[in-house]
Amino acid sequence: MFRILANDGIDPIGKELLEKAGFQVDTNHIPQAELSEGLKNYDAITVRSATKVRKDLIDACPNIKLIGRGGVGMDNIDVDYAREKGLAVVNTPAASSLSVAELVFAHLFTGIRFLQDSNRKMPVEGNTRFNDLKKAYAKGIELRGKKIGIIGFGRIGRETAKVALGLGMDVLAYDLFEIPKELELVLGGNVRVNCPINAVSVEQLIKESDFISLHVPFSEKPVLGKEEFALMKDGAGVVNCSRGGTIDEDALLEALNSGKVSFAGLDVFDNEPTPRQDLLSHPNVSLTPHIGASTNEAQERIGTELANLIIDFFKN
Ligand code: NAD
């Protein structure tokens with residue numbers, strides 16, 4: 001019987017699929033420092049973003065034949081090394097795209113109506129304070145008719161564009177690769193419509209967008225730094241549900257403090273899991289602890305897809 005260690009957990013549906021196919025699945029978490037011992041008797045390990053599968057762990061556990069990542073980013077796995085050693089490395093890249101895209105709009109709606117700050121300051125005692133807050137949050141805006149600039153037009157960027165189009169926003173898109181001229185939206189009642197996408201240069205996108213949302217992988221140089229913030233419209237909003245490091249956090253803080261950027265919605269940070277305090281406590285920053293893929297639906301899709309990939313690998 002093949003033994004799988006789901007070290008960062010796996011949705012019950014995925015576990016059940018694997019068990020029905022005859023695998024033993026352990027979901028007990030083994031701390032990183034103990035993994036090179038604890039993993040020795042397993043045939044495969046599945047992880048999310050927490051567990052690191054580096055060269056030394058791969059070398060210490062020659063029984064491992066497959067590393068599965070529930071989700072997209074594989075920065076926590078030495079993928080090339082594992083593949084050189086003949087291991088299969090699989091992930092579930094599309095399963096969480098819609099959930100991440102919807103979180104972008106949770107941050108956008110929060111930012112344009114000051115929910116992050118009103119959540120912190122409510123409840124209040126007495127009329128005066130209530131009326132002060134009413135005044136403070138009276139200058140909200142609507143999303144319809146506004147421009148959203150999407151940097152990185154892959155799976156999540158496109159899902160984000162579809163939600164934006166559904167809300168009546170205009171989409172500007174930039175990617176290193178070619179961008180489709182239109183996207184098909186599936187609306188309620190299974191109505192399908194094709195909507196245009198404006199592919200533009202990154203400079204034009206930054207200059208013209210009311211809101212900018214990042215959907216790129218990690219890279220050494222941040223995509224939004226001091227120069228890019230300077231180019232933005234006054235009062236632009238910024239959302240990052242991609243990876244820490246894609247925004248220069250010093251430059252973001254400066255732009256927030258000067259009012260150049262009116263709000264930021266952040267699901268990812270430098271230095272996770274201990275983001276810097278001055279961003280965390282900023283009144284114009286809406287925060288979530290890297291939960292883009294953390295919906296029941298996405299986790300079910302991830303668990304199912306991962307289980308099927310493992311079954312295919314070991315049984316075929
Ligand atoms: P994807 O590979 O489908 O798309 C990424 C796109 O970014 C590609 O089209 C690529 O060409 C483009 N790109 C790369 N560098 C670029 C640059 N400098 N400028 C413009 N475009 C660039 O990936 P995806 O599935 O859409 O994921 C996007 C990001 O979201 C990744 O960083 C992923 O790790 C992250 N993510 C976050 C969460 C979360 O919980 N917040 C969950 C899933 C994925």
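Order of appearance sets the numbers: ligands from 1, and atoms from 1 within every ligand.
Around CZ of Arg120, the count of heavy atoms belonging to other residues, nucleotides or ligands within 6.0 Å exceeds 12. The number of heavy atoms from other shown groups lying within 6.0 Å of CZ (Phe130) does not exceed 12.
Within ligand 1, counting atoms from 1 as listed, the ones closer than 4.0 Å to a heavy atom of Phe177 are 11 (O). Atoms of ligand 1 found under 4.0 Å from any heavy atom of Arg243, numbered from 1 in the order shown, are 32 (O), 34 (O), 37 (C). Each of the following atoms of ligand 1 lies closer than 4.0 Å to a heavy atom of Gly154: 3 (O), 4 (O), 6 (C), 9 (O), 26 (O). Residue-ligand proximity, Ala293 to ligand 1, at heavy-atom distances under 4.0 Å covers atoms 40 (O). Heavy-atom proximity to Gly292, at under 4.0 Å, picks out these atoms of ligand 1: 39 (C), 40 (O), 41 (N). Atoms of ligand 1 lying under 4.0 Å from any heavy atom of His215, numbered from 1 in the order shown and given with element: 5 (C), 6 (C), 7 (O), 28 (C). Every atom of ligand 1 with a heavy atom of His290 under 4.0 Å away is listed here by number and element: 39 (C), 40 (O), 41 (N). Near Val100, the atoms of ligand 1 lying under 4.0 angstrom from a non-hydrogen atom of the residue are 38 (C), 42 (C), 43 (C).
In this structure, Ser219 does not count as a contact residue of ligand 1, since none of its heavy atoms falls inside 4.0 Å of the ligand. Assignment of Ser97 to the shell around ligand 1 is not supported, since no heavy atom sits closer than 4.0 Å. Between Pro217 and ligand 1 there is a heavy-atom distance shorter than 4.0 Å.
With respect to atom 32 (O) of ligand 1, the closest heavy atom belonging to the protein is Val216 O, 2.8 Å. The closest protein non-hydrogen atom to atom 35 (C) of ligand 1 is Ser242 O, 3.4 Å. Counting only heavy atoms of the protein, atom 15 (N) of ligand 1 lies nearest to Leu176 CD1, 3.6 Å. Protein heavy atom closest to atom 3 (O) of ligand 1, with residue, atom name and distance, is Arg155 N, 2.9 Å. Scanning the protein heavy atoms around atom 41 (N) of ligand 1, the nearest turns out to be Asp267 OD2, 2.8 Å.
Salt bridge annotation for Lys146-Asp170: absent, with no cationic side-chain nitrogen under 4.0 angstrom from a carboxylate oxygen. Salt-bridge check for Lys226 with Asp248: failed, with every basic side-chain N at 4.0 Å or more from each acidic carboxylate O. Under 4.0 Å is where a charged nitrogen must lie from a carboxylate oxygen, and between Arg301 and Glu297 no such pair does. Salt-bridge check for Asp210 with Lys147: failed, with every basic side-chain N at 4.0 Å or more from each acidic carboxylate O. One finds a salt bridge joining Lys65 and Asp43 here, because a Lys/Arg side-chain nitrogen approaches an Asp/Glu carboxylate oxygen to under 4.0 Å. A salt bridge links Arg276 with Asp278: the closest approach of a Lys/Arg side-chain nitrogen to an acidic carboxylate oxygen falls below 4.0 angstrom.
Residue Ser96 has no nitrogen or oxygen atom sitting less than 3.5 Å from a nitrogen or oxygen atom of ligand 1, judged on distance alone. Considering backbone and side-chain N/O of Cys241, one or more are found under 3.5 Å from N/O of ligand 1. Between Gly157 and ligand 1, a contact under 3.5 Å exists for no N or O pair. Ligand 1 has no N or O atom lying under 3.5 Å from any N or O atom of Pro93, backbone or side chain. Of the N or O atoms in Tyr174, none lie within a sub-3.5 Å distance of an N or O in ligand 1.
In terms of heavy atoms, Val104 sits closest to Ser213 at CG1-OG, 3.5 Å. Summarising the geometry of Ile302 relative to Ala293, their closest heavy-atom pair is CD1-CB, 4.5 Å, with the distance given to 0.1 Å. Between Glu178 and Arg158, the shortest heavy-atom distance links the atoms O-NH2, 4.4 Å.
Note that Lys55 lies in the cation-pi zone of Tyr81, set by a 6.0 Å cut-off to the ring centre and a 45° limit from the axis. Both the sub-6.0 Å distance and the 45° axial angle are satisfied by Lys315 relative to the ring of Phe23.
Side-chain contact annotation: Asp267 with Thr288, donor-acceptor N/O pair under 3.5 Å present.
With a 4.0 Å cut-off on non-hydrogen atoms, Ile156 touches ligand 1 through its backbone as well as its side chain. With a heavy-atom cut-off of 4.0 Å, Val72 touches ligand 1 through its side chain alone.
Around atom 10 (C) of ligand 1, the closest heavy atom drawn from Val223, Leu214, Asp175 belongs to Asp175.
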